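These values consider heavy atoms only, across backbone and side chains, with no hydrogens, waters or symmetry-generated copies. Computed from a predicted structure; not experimentally measured. When a residue number appears, it is its place in the shown sequence, counting from 1.
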Amino acid sequence: MRNDNLKSYLNLHLIVFIWGFTAILGALITIDAENLVWFRMLLAMIFLGGFIVYKKQSFQVPIKELFKLIFVGLLIALHWIFFFKAIHVSNVSITLSIFSLGAFFASLLEPLFYGRKILFYEVFFGLIIIAGLALILQVEIKYLTGVYYALAAIILGVLFTLMNGKLIADHEPSVITFYEFGAGVFFITIYFLFKGKFTADFFTMSLNNWVLLLILASICTAYAFTASVKVMQKLTPYTVMLTTNLEPVYGIMLAYFILGGKEKMSTEFYIGALIIVITVILNGVFKHYKNKKEL
């Protein structure tokens, strides 16, 4: 049992590392953010569809739930579009430093979804996070547009994560995600049809872009998602939450060594990012021990 938990914990770190690498791929793929998300969701949906057939799972979902999945799919599509736009107009380091706010935003929005009151220590940690963010913006003001896109992306990400938290309780995660990706592809397709984007040039990409897109859709999306669900069945939510907070750390480190140049930020940036990451982790620790005392 202990070996199973250790294996799951190591797998979780691999998954988080893969998620961190997603931002690197977003920087390396040289197409518009909207096009990138359309291809990513379409290819990932195909991979997930194959996985569902292989596992002999049912594609059936109640009509009422299907409408919820369609709405969540729209949120996911917008989340990824803003995410990759943030990377393109700023860089990976800025985008992922803002993404480390995700757990904090989730703790503030949870009361609206689950009917609990906001806790004092969450507000206190929030003020520290704002100070860390202010330090980043003070020295990296040229990336302000990227910060706005990243903030929009992470708020949308928290919203669809909270909504998925309720949906996954009643349905297979792979089936839910299949329909959400399908909905995302549908909405972006409608937008592209109005904009007249489906030309021969739209599908004409370099071999490098196609290879990176396939890696993004298969390993970083379809595989990472299904593997993360399996891991979460073995580990506590607390362990999962603390480990996933390392995604920005892995991503920023990868960006520094792989992309170089543009990703080398000021000392104040790294201090601000470190303040945010440590504060988010402390928030999780406080929440964990408070819940243990209440049991």
Side-chain angles (χ1 to χ4, degrees), residues 7-8 10-29 31 33-61 65-66 68-70 72-84 87 99 102 153 156-157 160-161 163-165 167-168 171-189 203 205 207-235 240 243-244 247 250-251 254:
K7 184 179 178 182
S8 295
L10 293 174
N11 282 341
L12 178 59
H13 272 280
L14 174 62
I15 293 162
V16 173
F17 188 83
I18 289 171
W19 286 339
F21 191 65
T22 298
I24 310 299
L25 291 175
L28 293 173
I29 297 172
I31 59 176
E34 297 93 337
N35 300 20
L36 195 163
V37 174
W38 188 84
F39 280 111
R40 179 187 187 179
M41 296 188 90
L42 177 64
L43 292 171
M45 182 184 71
I46 293 169
F47 287 126
L48 276 172
F51 175 80
I52 293 167
V53 171
Y54 173 74
K55 288 289 186 178
K56 297 180 180 179
Q57 297 172 351
S58 173
F59 282 92
Q60 287 188 339
V61 172
E65 298 295 292
L66 183 60
K68 292 179 184 177
L69 295 177
I70 289 171
V72 173
L74 174 61
L75 294 182
I76 293 173
L78 292 172
H79 160 76
W80 279 342
I81 288 171
F82 284 130
F83 172 67
F84 289 118
I87 291 171
F99 259 55
L156 288 166
F160 81 69
T161 299
M163 293 181 73
N164 264 349
L167 291 168
I168 286 174
H171 306 285
E172 282 289 341
S174 52
V175 176
I176 284 175
T177 309
F178 173 81
Y179 283 111
E180 288 172 348
F181 285 0
V185 171
F186 171 77
F187 284 117
I188 299 174
T189 299
F203 296 97
M205 288 188 288
L207 178 61
N208 185 61
N209 275 343
W210 277 114
V211 170
L212 293 177
L213 272 171
L214 285 171
I215 294 171
L216 177 65
S218 58
I219 298 173
C220 297
T221 308
Y223 165 75
F225 173 79
T226 52
S228 67
V229 172
K230 186 175 180 180
V231 164
M232 287 173 193
Q233 293 170 347
K234 297 278 187 182
L235 301 175
V240 172
T243 308
T244 53
E247 180 188 346
Y250 286 148
L254 284 168

Scan the side chains in residues 173-181 for donor-acceptor partners under 3.5 Å anywhere in the protein, sequence neighbours excluded, and list what turns up.
from	atom 1	to	atom 2	distance (Å)
Ser174	OG	Gln57	OE1	2.7
Thr177	OG1	Pro173	O	2.8
Tyr179	OH	Phe59	O	2.4
Glu180	OE1	Asn164	ND2	3.4

Donor-acceptor pairs under 3.5 angstrom involving side-chain atoms of residues 75-84: please list them, not counting sequence neighbours.
from	atom 1	to	atom 2	distance (Å)
His79	ND1	Ala153	O	2.6

Pair Phe39-Phe203, side chain to side chain contact (heavy atoms under 4.5 Å, CB included): steps then yes or no: CA-CA 10 Å; Phe39 280 111; Phe203 296 97; 4.0 Å; yes

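A search for side chain to side chain contact (heavy atoms under 4.5 Å, CB included) contacts involving Ser218 returns Phe47, not counting sequence neighbours. Contacts of Tyr250 classified as ring-ring contact (aromatic ring centres under 6.0 Å, His included), with partners at least two apart in sequence or in another chain: Phe17. Under the rule for a side chain to side chain contact (heavy atoms under 4.5 Å, CB included), Tyr54 has no partner lying at least two apart in sequence or in another chain. Under the side chain to side chain contact (heavy atoms under 4.5 Å, CB included) criterion, Ile46 pairs with Leu42, not counting sequence neighbours. By the side chain to side chain contact (heavy atoms under 4.5 Å, CB included) test, Ile215 is found to be paired with Leu25, Val211, Ile219, residues two or more places apart in sequence or in another chain being considered.
Taking every heavy atom of both residues into account, Thr22 and Cys220 meet most closely at OG1-CB, 3.5 Å. For the pair Gly73 and Ala183, the tightest heavy-atom approach, listed with the atom from each and the gap, is CA-CB, 4.1 Å. Smallest separation of non-hydrogen atoms from Leu43 and Leu213: CD1-O, 4.3 Å. Of all heavy-atom pairs spanning Phe160 and Val72, the tightest one is CB-CG1, 3.8 Å. The minimum heavy-atom distance between Ala44 and Ala222, with the atom names listed, is O-CB, 4.3 Å.
Distance check, rounded to the nearest 0.5 Å: CD1 of Ile70 to CZ of Phe187 gives 6.5 Å. Here the CD1 atom belonging to Ile87 is positioned 8.0 Å from the CD1 atom belonging to Ile24, to the nearest 0.5 angstrom. Rounding to the nearest 0.5 Å places CZ of Phe186 at 10.5 Å from CG of Leu74. Interatomic distance, CD1 of Ile18 versus CG of Leu216, reported as 11.5 Å (0.5 Å rounding). Atom CG in Leu48 sits 8.5 Å away from atom OG1 in Thr221 (nearest 0.5 Å).
With contacts defined as side-chain heavy-atom distances shorter than 4.5 Å, the pair Asn35/Met205 does not qualify.
Counting only residues at least two apart or in different chains, salt bridge (charged side-chain N to carboxylate O under 4.0 Å, His left out) contacts with residues 40-53 are absent. Residues in residues 41-51 take part in no side-chain hydrogen bond (donor to acceptor under 3.5 Å, both in side chains) pair, two or more places apart or across chains.
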